[in-house]
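Single-structure report; data block below.
Only this structure's heavy atoms are used, side chains among them; waters, hydrogens and symmetry mates stay out.
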Amino acid sequence: MMVAAWRSSAGPPGRGLRRCLLHLSVVAAVCVLPFQAAAVRAPVRIACIGDSITAGFALQNRSLAYPGRLEGLLRQRSSSEIEVVNLGVPGRPLMKHGCQDSALEKAHRSSKEPDVDPRADVVMVMLGTNDAHGEGEWPCSKPFQEQYTRLIESLAQAPSKPRVYVLTPPPVTSPPDCPDCPPFGGISRRVVNEVYPKLLRTVCDRSSSLASFVDVWSRLGGSGMAASMTLDGVHPKEEAHLDIARSLVDVLCADLDICGRSSRER
């Protein structure tokens, strides 16, 4: 009778063991979850402001422009959720009113400030190509620098307080099929290739640490870049867009500590 009573209260053999294992599983899950949460990084939103180069002029797909390639590369290397927003607008200049009152400047004038993404953690700006006109002494360095500085200050004051990067435009060459022809849109090779690399670095140096300088121009080969890397002497081909994206990945991975593994998009 006593044995029967004991068996009745204890239940079928093995039940106690199963309860013990279940308890251990719950404890293990509770202990592992904090480590899993720590491994998932906060989402990162990157806004790319620019002109037709950023927009991906003449590419088969807008996603092939450097902002789209940047998103793909970062997603391969980062455990963070990455979103890159392409805010490229064809024809957009940096200067609202220009400084030479030329026909080319009037064609590119804009009274609209570049879009500010209020949720961006990072803002990358590549502007200036549509301001580069004339092959002689360029008289616009001072107003260009002043207006770029104001833009940086405006972007840095967005609600999300983003980190701002200033990118040099890609090198300008002659069209690949016409070595003696001027670049697309009458864009000045001298201004883009000689003035901007130094001027944009100065803009960043004088921005009170609000912006960082990224030398895309040198990364693509500077004045020695082959014309075959462009569609028309101004707009990069797919390969050049990928090179730009790779250079930006290197910068962001180092500055933001968001990359945990190495990978290259093919």
Side-chain angles (χ1 to χ4, degrees), residues 31-50 53-56 59 61-88 114-127 152 155-171 197 200-201 203-205 207-222 225 229 236-266:
C31 292
V32 169
L33 280 174
F35 290 99
Q36 291 178 334
V40 179
R41 299 172 183 263
V44 178
R45 185 177 175 89
I46 302 168
C48 296
I49 293 174
I53 295 173
T54 300
L59 298 179
N61 192 306
R62 185 180 175 95
S63 66
L64 296 174
Y66 73 85
R69 307 306 289 268
L70 173 62
E71 182 177 81
L73 289 170
L74 283 176
R75 286 181 175 179
Q76 290 179 20
R77 293 185 56 180
S78 177
S79 57
S80 299
E81 179 184 341
I82 303 292
E83 182 181 11
V84 180
V85 183
N86 189 335
L87 299 178
D115 298 319
V116 177
D117 188 327
R119 296 184 292 141
D121 302 291
V122 174
V123 177
M124 313 199 102
V125 185
M126 182 189 285
L127 288 171
I152 291 170
L155 295 173
Q157 292 171 4
S160 58
K161 302 299 180 186
R163 190 160 187 161
V164 180
Y165 291 86
V166 171
L167 284 52
T168 50
L200 291 175
R201 186 182 293 275
V203 168
C204 290
D205 290 343
S207 69
S208 301
S209 300
L210 292 177
S212 300
F213 177 75
V214 182
D215 192 359
V216 169
W217 182 82
S218 293
R219 173 67 181 247
L220 292 177
M225 187 185 79
M229 292 284 284
K237 290 184 177 178
E238 290 181 26
E239 179 184 352
H241 275 281
L242 182 54
D243 282 344
I244 295 171
R246 285 173 174 158
S247 68
L248 300 180
V249 167
D250 293 341
V251 170
L252 293 176
C253 285
D255 287 359
L256 306 183
D257 189 26
I258 59 173
C259 302
R261 54 187 181 271
S262 177
S263 178
R264 290 176 68 87
E265 183 176 297
R266 297 183 182 279

- prompt: Which heavy atom in Ile258 sits nearest to a heavy atom in Leu252, and how many Å separate them?
  reply: CG1-O, 4.2 Å
Shortest non-hydrogen separation from Val249 to Arg77 and the atoms involved: CG1-NH1, 3.5 Å
statement: SG of Cys48 to CD1 of Ile53, rounded to nearest 0.5 Å, is 13.0 Å
Could you pull out all donor-acceptor pairs under 3.5 Å where a side-chain atom in residues 237-244 meets a protein atom, sequence neighbours excluded?
| from | atom 1 | to | atom 2 | distance (Å) |
| --- | --- | --- | --- | --- |
| Lys237 | NZ | Ser228 | O | 3.2 |
| His241 | ND1 | Tyr66 | N | 2.9 |

query: Which atoms form the tightest heavy-atom contact between Leu210 and Ala156, and what is the distance?
result: CD2-CB, 4.1 Å
- prompt: Among all residues two or more places apart in sequence or in another chain, which pass the salt bridge (Lys or Arg N to Asp or Glu O under 4.0 Å) test with Asp205?
  reply: none
statement: Asp121 meets the side-chain contact (heavy atoms from CB on, under 4.5 Å) criterion, sequence neighbours left out, with Val44, Arg45
message: Within the structure provided, determine whether Ile49 and Leu127 are in side-chain contact (heavy-atom separation under 4.5 Å).
response: yes
- prompt: Looking at Asn86 and Thr54, what are the two nearest heavy atoms and their distance?
  reply: ND2-O, 2.9 Å
- prompt: Just how far is it from atom CD of Gln157 to atom CD1 of Ile152, taken to the nearest 0.5 Å?
  reply: 12.0 Å
query: Would a 4.5 Å heavy-atom cut-off, applied to side chains only, mark Cys259 and Leu74 as touching?
result: yes
field: Partner residues of Asp215 under the side-chain contact (heavy atoms from CB on, under 4.5 Å) criterion, sequence neighbours left out
entry: Thr168, Arg201, Phe213, Trp217, Ser218
message: Using side-chain heavy atoms (C-beta onward) and a distance below 4.5 Å, is Ser247 in contact with Leu220?
response: no
- line: When every non-hydrogen atom of Pro236 is compared with those of Pro170, the smallest separation belongs to CG-CG, 3.9 Å
message: Using every non-hydrogen atom in the two residues, find where Gly56 and Ala65 come nearest and quote the distance to one decimal.
response: CA-CB, 3.6 Å
query: Got a second to check how far Glu71's CD is from Ser78's OG, nearest 0.5 Å?
result: 11.5 Å
- prompt: Residues two or more places apart in sequence or in another chain: which of them pass side-chain contact (heavy atoms from CB on, under 4.5 Å) with Val251?
  reply: Tyr165, Val214, Asp255
- prompt: With a 4.5 Å heavy-atom cut-off, do Arg219 and Asp250 have their side chains touching?
  reply: yes
- request: Tell me, please, which residues at least two apart from Cys204 pass disulfide (SG to SG under 2.5 Å).
  value: none
statement: Between Val123 and the options Asp117, Leu155, Ile46, Val85, the side-chain contact (heavy atoms from CB on, under 4.5 Å) test singles out Leu155
